[in-house]
Amino acid sequence: MKFIVSSSYLLKQLQILGGVINNSNTLPILDNFLFELSPGKLNVSASDLETTMSAVLDVDTDSDGSIAVPARLLLDTLKTFPEQPLTFVVEDNNTIEISSNHGKYALAYADGAEFPKAVELSDPSSTSMIGDVLATAIGKTIFATGNDDLRPVMSGVFFQFSQEGLTFVSTDAHKLVKYQRNDLEASQVAEFIMPKKPLNLLKGILAGSETEVTIEYNESNAKFSFENTELICRLIDGKYPNYEAVIPKENPNKLSIDRTQFLNSVRRVSIFSNKTTHQIRLKIAGAELNISAEDIDYSNKAEERLSCDYQGDDMQIGFNSRFLTEMLNNLNSDEVSLEMSLPNRAGILMPVDGLDEGEQITMLVMPVMLNN
């Protein structure tokens, strides 16, 4: 087995795939990249058993075969090379030799047959979308997922596909984000829960990309294919909570305000809040929003006044400032609206502007009880 490839091209592809590999694997073979060679092509795969990602690279070769190469060692070596062609030759003594312009390096390899095979999706449904749209949908929702091992369904993002549009939902029971695209559609209705790790990988690769991504899915797995890359992952098993039931429909009290101003105020005031509850109080009357926080244990308190546009009854409502900050940070509109019904019902945060055609974002934040 022998092939020649550009060092920077190989490094770029391997760094993307390397994101799949865990720092500590139960199976030693998972610390490797699987190299599968066929004339003119090198298929490289990385896996952690739950997620497998592979890319097809163009290389100069006329041999075939498969070996598993230590990922960390290979990446560390490639990072040090300036751009140049590298020649890889598999020797008889179970090592693969890399020749550069200046030297030779030998790595011990493992048998490619030991590497776990990627799952084949039987009878999948499919839909496709532009890479950047998928990356945006992931970016807008993934921050609101939970980390509770007892409720694994909440640790992923819920994908809902239908002929009417695509919906992505995430929640950790304190906050909820629903991101919709009405300008896209799937051929049939489907629902599945995607785990966080593969979503973060996809978000990193696809941000800003105009590439078409094909998503195939069945009961247990999903596969994302784009350009020369494929990612297959196991879905989170379980039924997603009925999120529509928690979104309050009647919200007569509507506040709209400059997002950056609101975010900066919440950030400043929250420094003075209680370190365990992070509670801040919003007091709205007329066209004035009063944001305050206090930490009674240390006699710290802060208060700020902002002018806003408000329709509704005067009210006071408490929120966890960390959730509010995260949500405001994740919107990129100039103005946001906060809709509320009662101090003990969830508030709905939405961008007023800055959305693309067919795009909708609804964020829900649970209030905290105010101790008057």
Handout entry: Interatomic distance, Asn182 atom CG to Thr167 atom OG1 [nearest 0.5 angstrom]
Key = 7.5 Å
Problem - Main-chain N/O of Leu34 paired with Asn32 side-chain donor or acceptor, under 3.5 Å - result: no
Problem - Asn290 and Glu303: side chain donor to acceptor below 3.5 Å - result: yes
Practice task
Mark yes or no for whether Lys203, through its side chain, and Ala137, through its backbone, hold a donor-acceptor pair below 3.5 Å.
Solution key: no
Below 3.5 Å, can you tabulate the donor-acceptor pairs from side chains in residues 329-349 to any protein atom, sequence neighbours excluded?
| from | atom 1 | to | atom 2 | distance (Å) |
| --- | --- | --- | --- | --- |
| Asn329 | OD1 | Arg267 | NH2 | 3.3 |
| Ser333 | OG | Glu335 | O | 3.0 |

Donor-acceptor list for residues 69-77 side chains, cut-off 3.5 Å, not counting sequence neighbours:
| from | atom 1 | to | atom 2 | distance (Å) |
| --- | --- | --- | --- | --- |
| Thr77 | OG1 | Leu73 | O | 2.6 |

Practice task
State whether the side chain of Asp111 and the backbone N or O of Glu114 hold a donor-acceptor pair below 3.5 Å, judged by distance alone.
Solution key: no
Practice task
Kindly check if the number of other-residue, nucleotide or ligand heavy atoms within 6.0 Å of CD (Glu250) is above 12?
Solution key: no
Practice task
Look at the side chain of Asp132 and the backbone N and O of Gly208, then say whether any donor-acceptor pair between them is shorter than 3.5 Å.
Solution key: yes
Exercise for the section: Decide whether Ser7 and Gln84 meet the rule of one side-chain donor and one side-chain acceptor closer than 3.5 Å. Expected result: no
Practice task
List the atom of Met194, the atom of Leu235, and the distance in Å for their closest heavy-atom pair.
Solution key: SD-CD2, 3.7 Å
Exercise for the section: Measure from the side-chain N and O atoms of Tyr9 to the backbone N and O of Asp58, and report whether any donor-acceptor pair falls under 3.5 Å. Expected result: yes
Practice task
Taking the side chain as every heavy atom from C-beta outward, state whether Gln316 and Leu370 have any atom pair closer than 4.5 Å.
Solution key: yes
Practice task
Report, as yes or no, whether the 6.0 Å neighbourhood of atom CD on Glu219 holds more than 12 heavy atoms from other residues, nucleotides or ligands.
Solution key: no
Problem - Any donor-acceptor N/O pair, Asn251 side chain to Asn253 backbone, under 3.5 Å - result: no
Handout entry: Heavy atoms from other residues, nucleotides or ligands near CD of Glu357 exceed 12 (cutoff 6.0 Å)
Key = no
Handout entry: Lys301 atom NZ: more than 12 heavy-atom contacts under 6.0 Å
Key = no
Enumerate donor-acceptor pairs with a distance under 3.5 Å from any side-chain N or O in residues 115-124 to protein atoms, sequence neighbours excluded.
none

Handout entry: 4.5 Å side-chain heavy-atom contact, Leu42 and Phe35
Key = yes
Problem - Within one Ile-Leu-Val-Met-Phe-Trp-Tyr cluster: Ile232 and Leu134, side-chain cutoff 4.5 Å - result: no
Handout entry: Validation row: Arg322, Thr325 side chains within 4.5 angstrom (heavy atoms)
Key = no
Problem - Side-chain heavy atoms of Met129 within contact of Arg181, under 4.5 Å - result: no
Handout entry: Shortest non-hydrogen contact from Leu49 toward Arg234
Key = O-NH2, 4.1 Å
Handout entry: Asp183 atom CG: more than 12 heavy-atom contacts under 6.0 Å
Key = yes
Problem - Spatial distance of atom CZ (Phe88) from atom CG (Leu86) [nearest 0.5 Å] - result: 5.5 Å
Practice task
Test side-chain hydrogen bond (donor to acceptor under 3.5 Å, both in side chains) on Glu359 and Tyr179 and set out the steps.
Solution key: CA-CA 8 Å; Glu359 194 180 27; Tyr179 179 86; 2.5 Å; yes
Handout entry: Side-chain touch Ser100/Tyr105, heavy atoms, less than 4.5 angstrom
Key = yes
Exercise for the section: Quick one: closest heavy-atom pair of Ser63 and Met1, and the distance? Expected result: OG-CA, 3.7 Å
Problem - Nearest atoms (heavy-atom pairs only) where Asn43 meets Ala55 - result: OD1-O, 3.2 Å
Practice task
Could you tell me whether the side chain of Thr145 reaches within less than 4.5 Å of the side chain of Ser155, counting heavy atoms only?
Solution key: no
Exercise for the section: Output yes when a side-chain donor or acceptor of Ser321 lies under 3.5 Å from a complementary backbone atom of His278, and no otherwise. Expected result: yes
Problem - ILVMFWY network linking Phe192 to Val169, side-chain heavy atoms under 4.5 angstrom - result: no
Practice task
Measure the CD1-CG distance between Ile284 and Leu289 for me, rounded to the nearest 0.5 Å.
Solution key: 6.0 Å
Handout entry: Euclidean distance, Leu57 CG relative to Leu17 CG, rounded to 0.5 Å
Key = 8.0 Å
Practice task
Start with the C-alpha distance between Lys197 and Asp48, add both sets of side-chain angles, then the distance that settles salt bridge (charged side-chain N to carboxylate O under 4.0 Å, His left out), and finish with yes or no.
Solution key: CA-CA 11 Å; Lys197 182 176 173 179; Asp48 67 356; 2.8 Å; yes
Practice task
Give a yes or no on whether Leu202 and Phe158 share a hydrophobic cluster (residues Ile, Leu, Val, Met, Phe, Trp, Tyr; joining criterion: side-chain heavy atoms under 4.5 Å apart).
Solution key: no
Practice task
Consider only side-chain heavy atoms of I, L, V, M, F, W and Y, link residues closer than 4.5 Å, and tell whether Val368 and Phe262 are in one cluster.
Solution key: no
Problem - Trace of the side-chain hydrogen bond (donor to acceptor under 3.5 Å, both in side chains) decision for Glu191 with Tyr217 - result: CA-CA 9 Å; Glu191 299 184 344; Tyr217 42 91; over 6 Å; no
Practice task
For atom NZ of Lys104, decide whether the heavy atoms of other residues, nucleotides or ligands shown that lie under 6.0 angstrom number more than 12.
Solution key: no
Handout entry: Carboxylate-amine/guanidinium proximity below 4.0 Å for Glu294 and Arg281
Key = no
Problem - Shortest non-hydrogen separation from Gln163 to Gln188 and the atoms involved - result: NE2-CA, 4.0 Å
Fill in the blank from the handout: When rounded to the nearest 0.5 Å, the distance separating OG of Ser170 from OH of Tyr243 is 11.0 Å
Exercise for the section: Tell me whether Leu306 is reachable from Leu324 by hopping between hydrophobic residues (I, L, V, M, F, W, Y) whose side-chain heavy atoms are closer than 4.5 Å. Expected result: yes
Handout entry: Phe226 versus Glu212, closest heavy-atom pair with distance
Key = CB-O, 3.7 Å
Problem - Working for ring pair (Phe, Tyr, Trp, His ring centres under 6.0 Å), residues Phe168 and Phe159 - result: CA-CA 5 Å; Phe168 305 82; Phe159 282 45; 4.8 Å; yes
Handout entry: Neighbour count above 12 (heavy atom, 6.0 Å) for Asp356 CG
Key = yes
Completion exercise
d(Thr51 OG1, Asn22 CG) to nearest 0.5 Å is 8.5 Å
Exercise for the section: Start with the C-alpha distance between Ser273 and Gln279, add both sets of side-chain angles, then the distance that settles side-chain hydrogen bond (donor to acceptor under 3.5 Å, both in side chains), and finish with yes or no. Expected result: CA-CA 6 Å; Ser273 65; Gln279 178 188 301; over 6 Å; no
Exercise for the section: Evaluate whether atom NZ of Lys12 has more than 12 neighbouring non-hydrogen atoms of other residues, nucleotides or ligands under 6.0 angstrom away. Expected result: no
Practice task
Would you indicate whether the side-chain heavy atoms of Glu210 and Ile130 approach each other to under 4.5 Å?
Solution key: yes
Problem - Minimum side-chain heavy-atom gap Val246-Leu176 below 4.5 Å - result: yes
Exercise for the section: Could you check Ile142 against Asn200 for side-chain contact (heavy atoms from CB on, under 4.5 Å), going step by step and ending with a plain yes or no? Expected result: CA-CA 8 Å; Ile142 200 161; Asn200 273 319; 3.6 Å; yes
Problem - Backbone N/O of Leu27 and side chain of Asn25: donor-acceptor pair under 3.5 Å - result: no
Exercise for the section: Check whether the side chains of Ser99 and Thr87 place a donor and an acceptor atom closer than 3.5 Å, and report yes or no. Expected result: no
Exercise for the section: Verify side-chain hydrogen bond (donor to acceptor under 3.5 Å, both in side chains) between Asn320 and Lys175, making sure each step is shown before the conclusion. Expected result: CA-CA 10 Å; Asn320 180 320; Lys175 53 186 184 293; over 6 Å; no
